[in-house]
Number of protein chains: 2
Amino acid sequence: MTGRARIPRPAVQRLSMYLRELERREAAGESTVSSSGLGAACGVTGAQVRKDLGSLGRTGRPGIGYGVHELARSIRSAIGVHRSWRAALVGAGNIGRALAAYGRFQDEGFEIAAAFDRAPGVVGRRVAGMMVEPMDSLPKAIRERGIDIGIIAVPTEAAQGVAEVLVAAGVRGILNFAATRLHVAGEVPIVDVDFRAALERLALEVSERSARPERGGRSTPGARARRLS
Amino acid sequence: MTGRARIPRPAVQRLSMYLRELERREAAGESTVSSSGLGAACGVTGAQVRKDLGSLGRTGRPGIGYGVHELARSIRSAIGVHRSWRAALVGAGNIGRALAAYGRFQDEGFEIAAAFDRAPGVVGRRVAGMMVEPMDSLPKAIRERGIDIGIIAVPTEAAQGVAEVLVAAGVRGILNFAATRLHVAGEVPIVDVDFRAALERLALEVSERSARPERGGRSTPGARARRLS
DNA sequence: CGGTGTGAATCTGTTCACAGCC
DNA sequence: GGCTGTGAACAGATTCACACCG
């Protein structure tokens, strides 16, 4: 029942990275990490790592570092992945199938518990061992199967409508793969995964690099390793 | 030959959003937008929009707004999408196929010009009308077909190796769909698209919402519409 | 020593408010 | 009146530097 200080937004992304690195190290049998070691692997400074970890209940021991397992658990708990989330996938097209096929989500605290599609040709087929259901049965399924979040993987034009249905059915969050901004009633958080925006970010980054042919004396601090999800 | 002031990182993502909205409006026949109109559609304030547009060569007219077409072009040019980029897709599995199938990239300034895979069973098959080639032919293809960027859509374990091959072959940027951090030589920018990190961000957002049951008097400013790609 | 935790200083981005133009 | 462009105030995040612990 700690007051749980709010985590700075940019830190959240980094925590995900740390977590991934920690799991790798845990699998490799390492039992402690230093902030600078962890930072090096993730492309940030040790000071940054320490600050980030400071926003959650810290566990580091001076002279030693952090316990890998302990820290991983602490991060999971901070970002809310200590419990498991149940997700409904809407849209069993290409992206939808790709997501369903990536079976590892379950280990990572996310379970795709249902899949829906509008097209009669797709409904009733199996996708990664899961039966695709018609859109009509979505609201009832959401409520009865205790689904927390909706994943939108339908074409752009259909996304807004799906979002409204999901919210009306009571999901508590939406992961949106459609390249459009969704407007929904209430306070339901939405996270967009936008391939095109990612490509555009990359395009800019590439343009800037080649435009500036390694300026003057020292290299720009932090020039290497700028990364966003 | 303008000195082209550097665009603040967070602004880049917003510019992508604006661009999408502008294209929608252009298609709808609108010819001008106000900063606040554009902002409302994208979930940011008018002042923010104006500041963002200020970093590129501005074109707004007081009392009127911005020319939709003109502004779209200006944004494209600022983020480097005025010219077209040629991309190589590595990995023709689920995500790879999903990307290839999303045919609209070409309209948006990105052309998937080649696809590669390691698995003999996949090589030689067609994916979205494109022949999948073996990894061996990657370096030569990159050079000969003037490919700018590589898209990594292979399993986690293989990603690092692929990244090195791509960089050695001379790509100028990498879009990485594998859930691992890549370390490459030189200054090649990398943008990660990490589904799991996105889910984790959503998990945190949902947890925070339900933890705080609508505190006190006024709602937190900017509580609605927080969004990241 | 090696390494954490943290206040203080700095930097970066956002919001405000208003002068000026249509 | 409506709307842009921008300096000035503000808020937030990162970096620095150092006290303190094992």
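Each chain gets a letter, A, B and so on, in the order its sequence line appears, and its residues count up from 1. FYI, side chains are in, hydrogens and waters are out, and symmetry mates aren't considered; it's all heavy atoms of this structure.
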Can you tell whether the side chains of A:Glu200 and B:Arg20 come within less than 4.0 Å, N to carboxylate O?
yes
Residues 153-175 of chain B vs salt bridge (charged side-chain N to carboxylate O under 4.0 Å, His left out), sequence neighbours excluded, gives B:Asp148-B:Arg172
Picking from C:dT15, D:dT14, D:dG5, the nucleotide nearest the side-chain atoms of B:Tyr66 would be D:dG5
Which of D:dA13, D:dT4, C:dC16 is nearest the side chain of A:Pro10? It is D:dA13
Tabulate protein N/O versus nucleotide N/O from nucleotides 20-22 of chain C, keeping only pairs under 3.5 Å, one per line.
{"unit_1": "C:dC22", "atom_1": "O4'", "unit_2": "B:Pro62", "atom_2": "O", "d": "3.2"}

Taken to the nearest whole Å, CD/B:Gln13 to C1'/C:dT12 is 16 Å
Q) NA contact type, B:Gly65, heavy-atom cut-off 4.0 Å: base, sugar-phosphate, or nothing? A) sugar-phosphate
Checking C:dG13, D:dT15, C:dT4 against the side chain of A:Thr45 (C-beta onward), the nearest is D:dT15
Rounded to whole Å, CD of B:Glu70 lies from P of D:dT4 at a distance of 14 Å
Comparing B:Leu53 with A:Pro8, nearest DNA chain D nucleotide closer to 5' gives the residue B:Leu53
* To do: Please check if any side-chain donor atom of B:Thr180 sits under 3.5 Å from a side-chain acceptor atom of A:Arg24, or the reverse.
  => yes
(message) What contact category does B:Gly60 fall into here, base, sugar-phosphate, or nothing, at under 4.0 angstrom with non-hydrogen atoms?
(response) sugar-phosphate
Taken to the nearest whole Å, CG/B:Leu56 to C1'/D:dT6 is 15 Å
Below 4.0 Å: OP1/OP2 of D:dA13 and any side-chain N or O of A:Gln48 = no
- prompt: Salt-bridged, B:Arg25 to B:Glu21, with N to O below 4.0 Å?
  reply: yes
- Message: Check this for me: does the side-chain of B:Lys51 come within 3.5 Å of the base of C:dT15 through a donor and an acceptor?
- Response: yes
- Pair B:Glu26 + B:Arg73: basic N to acidic O under 4.0 Å: no
Considering only heavy side-chain atoms of B:Arg50, the closest of C:dC18, C:dG13, C:dG3 is C:dC18
Task: Contact under 4.0 Å: B:Ser35 side-chain N or O vs D:dT4 OP1/OP2 - done: yes
Per ring pair (Phe, Tyr, Trp, His ring centres under 6.0 Å), A:Phe195 is matched among B:Phe110, B:Phe177, B:Tyr102, B:Phe105 by B:Phe177
Whole-Å distance, A:Asp52 CG to D:dT15 C1', equals 12 Å
Rounded to whole Å, OH of B:Tyr18 lies from P of D:dT4 at a distance of 12 Å
Quick note, salt bridge (charged side-chain N to carboxylate O under 4.0 Å, His left out) partners involving residues 98-108 of chain A, not counting sequence neighbours, are A:Glu108-B:Arg196
From CD1 of B:Ile7 across to P of C:dG13 the rounded distance in Å is 12 Å
